[in-house]
A.B. asks: 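Sharing a structure here in structure tokens format.
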Amino acid sequence: MIGPVGLVDCNNFYVSCERVFQPRLEGRPVGVLSNNDGCVIARSAELKALGVEMGTPAFELRDLVRRQGVVLLSSNYELYGDMSARVREVLEELCAGVEPYSIDEMFIHGDGFSRRQLQDHAQEIHRKVRRYTGIPVCVGLAATRTLAKLANRAAKSVPGYAGVCVLSPGSPDAQALLEKTPLGDVWGVGHRLVERLALMGLHTAADLAAQDPKRIRSHFSVTLERTARELQGTPCIEMNDTNRPRDRIMTSRSFGRLTSNQDEIHQAIRQHAQRSAEKLRAQDSKARAVYVFLKTNRHRPDLAQYSPSAIVELDEPTDDSRPILHAATQALQAIYRPNYLFMKAGVMLIDLVDANRQQLSLLDTPQRQADRERNDRLMATLDQLNQKMGRDTVTLGRPSPKAAWHLRCANRTPRWTTQWRELPYVTAR
DNA sequence: TGGGGCTCT
DNA sequence: AGAGCCC
């Protein structure tokens with residue numbers, strides 16, 4: 001019996017979502033691009049086989065698209081979000097506890113099963129998610145989240161496991177897996193830590209698991225100590241409640257091209273501020289301050305670099321787009337300098353508080369309260385219109401239809417499952 | 001050559 | 001505030 005936690009991870013998730021509705025993409029090298037069609041963030045097995053790495057810029061793939069029939073799609077987050085919810089619903093039917101971790105990964109609890117039952121249970125999950133949603137998944141079960149992650153990788157990459165891997169602590173299988181897993185593939189170990197660990201002669205997950213966690217803590221951090229313990233089979237990483245309101249809300253975007261135009265940047269900031277305020281209201285919070293940043297292009301060392309930021313506090317916690325917009329504009333004015341070519345701009349709302357637990361001002365009067373209620377209704381109406389008619393249907397200030405920061409998405413598929421006008425048709429012949 | 005969010009120091 | 005991590 002193992003104190004089990006499972007990780008269900010969707011295979012090539014975005015590509016798999018696209019294939020559910022376009023079966024002709026089966027068997028072909030398919031990639032999905034990041035926002036703005038910038039770089040590859042999901043790859044089919046066929047695209048991986050062509051040697052295309054995660055994060056490859058789209059412009060480097062033009063030849064492959066022409067010569068090898070590679071299909072590159074813009075990302076369609078509405079579709080992926082909806083498919084993710086479907087996967088979660090199936091898991092909730094099959095498992096006691098489901099904790100979404102990311103759009104394509106869910107942790108599950110496997111309490112109360114024998115090893116044999118666990119194996120069957122994992123098989124059932126593997127089979128039914130595919131059957132009911134069309135999305136292929138791999139299932140890893142182990143004593144801790146970190147080990148479940150490793151088990152999942154094995155389920156995916158070792159053909160013998162065929163998509164399901166149940167790892168018993170201390171078993172020869174488990175030890176063998178740790179020994180052949182490079183540290184960079186361990187959850188929580190990024191490239192900086194890989195370099196530093198290598199200096200200590202540590203290269204594999206087994207090497208880290210063999211260390212005294214106390215020593216790891218003193219040389220690195222409590223985070224890596226936890227990772228070491230988890231590799232040893234001791235659970236010590238809690239799940240964040242994914243339903244908890246965010247502590248910060250950010251909206252940022254790269255410009256389609258470099259720009260130093262103040263007016264253009266201002267328009268971008270205005271749009272990001274309004275979008276952030278919308279997200280703020282959606283999670284029923286208010287913000288006490290607005291953070292604005294600009295960045296020049298790091299990949300152009302030949303150009304002058306300048307990446308300033310500024311925080312402007314709001315008079316009182318608010319979710320009203322107008323003071324937020326005003327604060328963002330002030331912040332921008334404080335940091336903007338001409339003679340730099342900017343690449344990206346963003347707005348972050350910080351110091352968030354629960355809208356329902358707001359400290360009422362001592363100076364509150366019936367008049368001010370009435371004003372507040374009017375503003376609330378105005379914002380609610382704004383949000384409803386934008387939700388119903390499409391993002392940015394109604395905005396404060398003048399619209400800017402051809403601005404440099406608008407999302408590039410040359411090749412986005414229909415939102416098959418979330419927009420009536422984009423429903424798939426089935427034609428009988 | 002993405003965008004968004006978290007924790008730790 | 002900055003570094004580092006995650007997807």
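Naming: A, B, ... by sequence-line order, numbering from 1 per chain.
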A.B. asks: Where the side chain of M250(A) is concerned, which of dT1(B), dG5(B), dG3(B) is the nearest nucleotide?
C.D. replies: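 Of the candidates, dG5(B) comes closest.
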A.B. asks: Would you find a donor on one side and an acceptor on the other, under 3.5 Å apart, between the side chain of R415(A) and the backbone of E78(A)?
C.D. replies: no
A.B. asks: If you measure from the Lys or Arg side-chain nitrogens to the Asp or Glu carboxylate oxygens, is any gap between R226(A) and E230(A) under 4.0 Å?
C.D. replies: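 No.
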A.B. asks: Are Y80(A) and W416(A) an aromatic pair, judged by ring center distance below 6.0 Å?
C.D. replies: no
A.B. asks: Could you tell me how far apart R226(A) (CZ) and dT9(B) (P) are, to the nearest whole angstrom?
C.D. replies: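 Going from CZ in R226(A) over to P in dT9(B) covers 9 Å.
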A.B. asks: Hey, could you give me the OG1/CG distance between T417(A) and L423(A), rounded to the nearest 0.5 Å?
C.D. replies: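 CG of L423(A) is found 8.5 Å from OG1 of T417(A).
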A.B. asks: Does CD in E93(A) sit with more than 12 non-hydrogen atoms of other residues, nucleotides or ligands closer than 6.0 Å?
C.D. replies: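 It does not: E93(A) CD has 12 such atoms or fewer within range.
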A.B. asks: Output the single nucleotide from dC8(B), dT7(B), dC7(C) whose closest atom is nearest the side chain of S102(A).
C.D. replies: dC7(C)
A.B. asks: Can you tell which of dG4(B), dG3(B), dA1(C) lies closest to the side chain of I311(A)?
C.D. replies: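 Side chain of I311(A) sits closest to dA1(C).
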A.B. asks: Can you check the N35(A) CG to dG4(B) P distance for me, whole Å?
C.D. replies: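 It works out to 7 Å between those atoms.
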A.B. asks: Less than 4.0 angstrom between a side-chain N/O of S34(A) and OP1 or OP2 of dT1(B), yes or no?
C.D. replies: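 So the side chain of S34(A) is outside the cut-off, no N or O lying under 4.0 Å from OP1 or OP2 of dT1(B).
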A.B. asks: Measure CZ/F293(A) against C1'/dG2(B) and give the value in whole Å, please.
C.D. replies: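 One finds 12 Å between C1' of dG2(B) and CZ of F293(A), rounded.
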A.B. asks: Going by atom types only, do D320(A) and T318(A) share a side-chain donor-acceptor pair under 3.5 Å?
C.D. replies: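 The criterion, which ignores hydrogens and geometry beyond distance, is not satisfied for T318(A) and D320(A).
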A.B. asks: Side chain of W187(A): nearest nucleotide among dT9(B), dC7(C), dG3(B)?
C.D. replies: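 The answer is dC7(C).
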A.B. asks: What's the CZ-P distance between R244(A) and dT7(B), to the nearest Å?
C.D. replies: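 Whole-Å distance recorded here is 6 Å.
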A.B. asks: With heavy atoms under 4.0 Å as the rule, sort I249(A) into base, sugar-phosphate or nothing.
C.D. replies: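 Sugar-phosphate only.
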A.B. asks: Heavy atom of residues 190-202 of chain A under 4.0 Å from DNA chain B: which residues?
C.D. replies: none
A.B. asks: Please tell me which of D247(A) and R298(A) maps to the more 5' nucleotide of DNA chain B, matching each residue to the nucleotide holding its nearest heavy atom.
C.D. replies: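 Per heavy-atom nearest nucleotide, the more 5' residue is R298(A).
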A.B. asks: Determine the Euclidean distance between corresponding C1' atoms of dG2(B) and dC6(C); express it in Å to zero decimal places.
C.D. replies: 14 Å
A.B. asks: Looking only at the side chain of M343(A) (C-beta and beyond, no hydrogens), which of the listed nucleotides dT9(B), dG3(B), dT1(B) gets closest?
C.D. replies: dT1(B)
A.B. asks: Between dC7(C), dG2(B), dC6(B), which nucleotide has the shortest distance from any of its atoms to the side chain of I41(A)?
C.D. replies: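 Given the options dC7(C), dG2(B), dC6(B), the side chain of I41(A) is closest to dG2(B).
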A.B. asks: Taking the minimum atom-to-atom distance to the side chain of N297(A), which one of dC8(B), dG4(B), dT1(B) wins?
C.D. replies: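 Within the option list, the nearest is dT1(B).
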A.B. asks: Given atom CZ of R43(A) and atom P of dG2(B), what is their separation to the nearest angstrom?
C.D. replies: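 Distance, rounded to whole Å: 16 Å.
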A.B. asks: Counting heavy atoms from C-beta on, name the nucleotide in dC6(B), dC8(B), dG2(B) closest to the side chain of S221(A).
C.D. replies: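 Between dC6(B), dC8(B), dG2(B), the one nearest the side chain of S221(A) would be dC8(B).
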A.B. asks: Does the side chain of K149(A) get closer than 4.0 angstrom to OP1 or OP2 of dC6(C) through an N or O atom?
C.D. replies: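 So the side-chain polar atoms of K149(A) never come under 4.0 Å of the phosphate oxygens OP1 or OP2 of dC6(C).
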A.B. asks: Given atom CD of E105(A) and atom C1' of dC6(B), what is their separation to the nearest angstrom?
C.D. replies: 15 Å
A.B. asks: Within less than 4.0 Å of OP1 or OP2 of dT1(B), is there a side-chain N or O belonging to K344(A)?
C.D. replies: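 No, K344(A) has no side-chain N/O under 4.0 Å of OP1/OP2 on dT1(B).
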A.B. asks: Quickly work out the K295(A) NZ to dG2(C) P distance and round it to whole Å.
C.D. replies: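 From K295(A) NZ to dG2(C) P: 10 Å.
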A.B. asks: Any base atoms under 4.0 Å from R246(A), or only sugar-phosphate, or nothing? Heavy atoms, all strands.
C.D. replies: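 If one applies the 4.0 Å heavy-atom cut-off, R246(A) turns out to touch the sugar-phosphate alone, with no base involved.
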A.B. asks: To the nearest 0.5 Å, what is the distance between OH on Y101(A) and CG on L7(A)?
C.D. replies: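 Between Y101(A) OH and L7(A) CG, I get 9.0 Å after rounding to 0.5 Å.
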A.B. asks: Regarding D104(A), tell me which of base, sugar-phosphate or nothing describes its non-hydrogen contacts under 4.0 Å with the strands shown.
C.D. replies: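 Sugar-phosphate, backbone atoms only, no base.
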A.B. asks: If you count heavy atoms of other groups shown closer than 6.0 angstrom to CG of D315(A), is the number above 12?
C.D. replies: no
A.B. asks: Which residues pass the side chain to side chain donor-acceptor pair (under 3.5 Å) test with T227(A), not counting sequence neighbours?
C.D. replies: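 Testing T227(A) for side chain to side chain donor-acceptor pair (under 3.5 Å), a comparison that skips the adjacent residues, returns none.
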A.B. asks: Does a sphere of radius 6.0 Å around OH in Y77(A) hold more than 12 heavy atoms from other residues, nucleotides or ligands, not counting ones at 6.0 Å or beyond?
C.D. replies: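 Correct, the count exceeds 12.
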A.B. asks: Starting from the C-alpha separation in whole Å, work towards a yes-or-no answer on side chain to side chain contact (heavy atoms under 4.5 Å, CB included) for T204(A) and T181(A).
C.D. replies: CA-CA 5 Å; T204(A) 69; T181(A) 301; 5.9 Å; no
A.B. asks: Is V186(A) touching bases, backbone alone, or none of the nucleic acid, heavy atoms closer than 4.0 Å?
C.D. replies: sugar-phosphate
A.B. asks: Which part of the nucleic acid does R217(A) contact within heavy-atom distance under 4.0 Å: base, sugar-phosphate only, or nothing?
C.D. replies: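 The answer is nothing, as R217(A) stays clear of every strand by at least 4.0 Å.
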A.B. asks: Tell me which residues in residues 54-78 of chain A lie within less than 4.0 Å of DNA chain B, going by non-hydrogen atoms.
C.D. replies: P57(A), F59(A)
A.B. asks: Distance check needed: dC6(C) C1' versus F107(A) CZ, whole Å only.
C.D. replies: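 Taking atom C1' of dC6(C) as the reference, CZ of F107(A) is at 11 Å.
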